[in-house]
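What follows is a set of notes on a single structure, which appears directly below.
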Amino acid sequence: MSTIKIAIASGKGGTGKTMIATSLAACLDKHVPVQFLDCDVEAPNAHLFLKPEIDSLQAAVILIPEVDQDACTACGKCVEVCEFHALAQMEDQILLFPQLCHGCGSCQRVCPVSAIHETPRQIGNLRFGKARSGIRFLTGDLTISEPMPTPIIRQLKSHISGKSMVTILDSPPGASCAVVATVHDADFVILVTEPTPFGLHDLKQMLGVLEQTGSPGGVIINRVGIGDVRVEDYLEHTSYPVMMKIPYLAEIAVVLAKGEVFSDKFPKYQAEFLDLFQEIKRMIKSEQQVCG
Amino acid sequence: MIILISSKGETLQSQPNLRFGRASFFIEYNLSDDAWTAHRNDAVKESSGAGVAASQFIINRHASAAISGRFGPNAQRALSYADIKMLTFDETYETIQSVIEGYKSNRLKAF
């Protein structure tokens, strides 16, 4: 059985990705098996709302080269092939900069004397647990001072189970590698934005990402009432619909600050989230028909 | 003896660049005959690892000293491993020429 992967991204940070992701998960949890991945491994926060019980922990690792200095002839082929400058050629040996290594393995492949083998280096943790009635909850965290979130996101995603009907991926902010790693294979991407120039600017970057990945998507405008109508005006000329609007209310901020799930405290939105899911399924289907 | 100085431009009258890995140019200066060359720093466009890439360039030029405003941790590790002296100038040095004079009169600080 395959799962429907819905990623929630935004571009601009603080627009309400986790508010939407946790509400959608909570509403669907009452009806279908759901798994939730907090892919914002640099600042995971979905656990504050869904309050999972974590029952297992796994080290997140990347494979980095280890140079056997006795076998190494310091020919420099590994230094040449490394896109990330994680290796430097000294007169008599190769110097490794572990934090620059993306773990691609090219150095090992090009070494003519097999002096390089790969060794795991821990860069964070993966945590697995259960939340609410049946949400399978997966989260990861990057160790402080480690620069690369993408390997953790990839490892977290390798644990996606086909047994859950719906998979919700809460993306990091921005439109960088970590976001692409989260959303690139999603069946649908919800973009949460706010009606401000910053919201619009970063939304456009995310729409650019979706043009590349080819996922269908839609937009939720949060904090309606601040800012202006430029986001809506802009979207009118795109193929991305506005799927939901949430007003700017101090009461919502209060609920979120307490770590409560938005749709629990504003129950009239529960039906809206279920409708949103139906609409997403419909859009995925029509996309498949067009592409199929 | 060869020294390399991080620079914003391609001549001895150019402004020195306080940044090492992301300087646009390195001015290579030969103290034995006062000959000099400007090298474009390819590391400037790297998304990461610019310090290591720039250090590799300095190492490959067989320099005895690298001169900049400051050195990041990776550059520091690579250059010190290769026994290349790291010296620093501050914003009071307005041209590469003045940095070279500072070097000759031992006024530059060790990093």
Side-chain angles (χ1 to χ4, degrees), chain A residues 42 62 64-67 69 72-107 110 116 121 123 142-153 172 174-181 205 209, chain B residues 1-7 17-26 28 30 39-87 110-111:
Chain A
E42 288 173 275
I62 65 166
I64 63 164
E66 194 169 61
V67 184
Q69 300 294 356
C72 174
T73 60
C75 70
K77 288 211 163 64
C78 54
V79 176
E80 262 169 56
V81 78
C82 182
E83 285 282 320
F84 308 104
H85 303 294
L87 296 161
Q89 187 174 14
M90 301 292 124
E91 208 177 329
D92 55 345
Q93 63 170 286
I94 301 300
L95 201 58
L96 171 69
F97 295 85
Q99 289 205 328
L100 297 176
C101 176
H102 285 226
C104 73
S106 301
C107 52
V110 300
I116 296 179
R121 186 172 81 84
I123 57 169
L142 186 67
T143 303
I144 288 171
S145 89
E146 285 295 339
M148 258 186 304
T150 44
I152 302 195
I153 295 168
S176 63
C177 300
V179 176
V180 176
Q205 291 186 327
V209 171
Chain B
M1 234 175 41
I2 288 167
I3 57 174
L4 278 104
I5 305 152
S6 57
S7 174
N17 196 326
L18 288 160
R19 301 199 299 173
F20 174 67
R22 298 200 185 274
S24 307
F25 296 95
F26 286 110
E28 177 174 335
N30 192 330
H39 300 279
R40 189 174 289 279
N41 175 25
D42 289 332
V44 84
K45 61 181 187 295
E46 300 292 343
S47 61
S48 75
V52 175
S55 301
Q56 184 73 66
F57 178 75
I58 307 281
I59 293 165
N60 294 350
R61 299 306 300 167
H62 301 286
S64 55
I67 305 175
S68 188
R70 57 176 178 271
F71 299 88
N74 291 332
Q76 207 182 330
R77 181 160 163 249
L79 292 171
S80 58
Y81 195 91
D83 267 333
I84 293 170
K85 210 187 288 177
M86 284 167 270
L87 296 168
F111 184 71

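Any value given below was found using the heavy atoms of this structure, including those in side chains, with hydrogens, waters and symmetry copies removed. Here is the naming used below: chain letters follow the sequence lines, and residue numbers restart at 1 for every chain.
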Do any N or O atoms from the side chain of Arg77(B) and from the backbone of Leu95(A) form a donor-acceptor pair under 3.5 angstrom?
no
Side chains of residues 68-75 of chain B: which donor-acceptor partners sit under 3.5 Å, not counting sequence neighbours?
| residue | atom | partner | partner atom | Å |
| --- | --- | --- | --- | --- |
| Ser68(B) | OG | Ser6(B) | OG | 2.9 |
| Ser68(B) | OG | Leu18(B) | O | 3.4 |
| Ser68(B) | OG | Phe20(B) | N | 3.4 |

Looking just at side-chain N and O atoms, do His85(A) and Glu46(B) make a donor-acceptor pair shorter than 3.5 Å?
yes
Please enumerate all residues that pass salt bridge (charged side-chain N to carboxylate O under 4.0 Å, His left out) together with Arg121(A), with sequence neighbours excluded.
Glu146(A)
If we ignore angles and hydrogens, is there a donor and acceptor under 3.5 Å between the side chains of Gln93(A) and Tyr81(B)?
yes
Distance check, rounded to the nearest 0.5 Å: Ser55(B) atom OG versus Phe97(A) atom CZ?
7.0 Å
Of the backbone (N, CA, C, O) and the side chain (C-beta and beyond), which part of Gln89(A) lies under 4.5 Å from a heavy atom of chain B, both, or neither?
both
Could you look at Glu83(A) and say if it's the side chain, the backbone, both or neither that has a heavy atom under 4.5 Å from chain B?
backbone
Closest non-hydrogen atom pair, Ala82(B) against Met90(A):
CB-SD, 3.9 Å
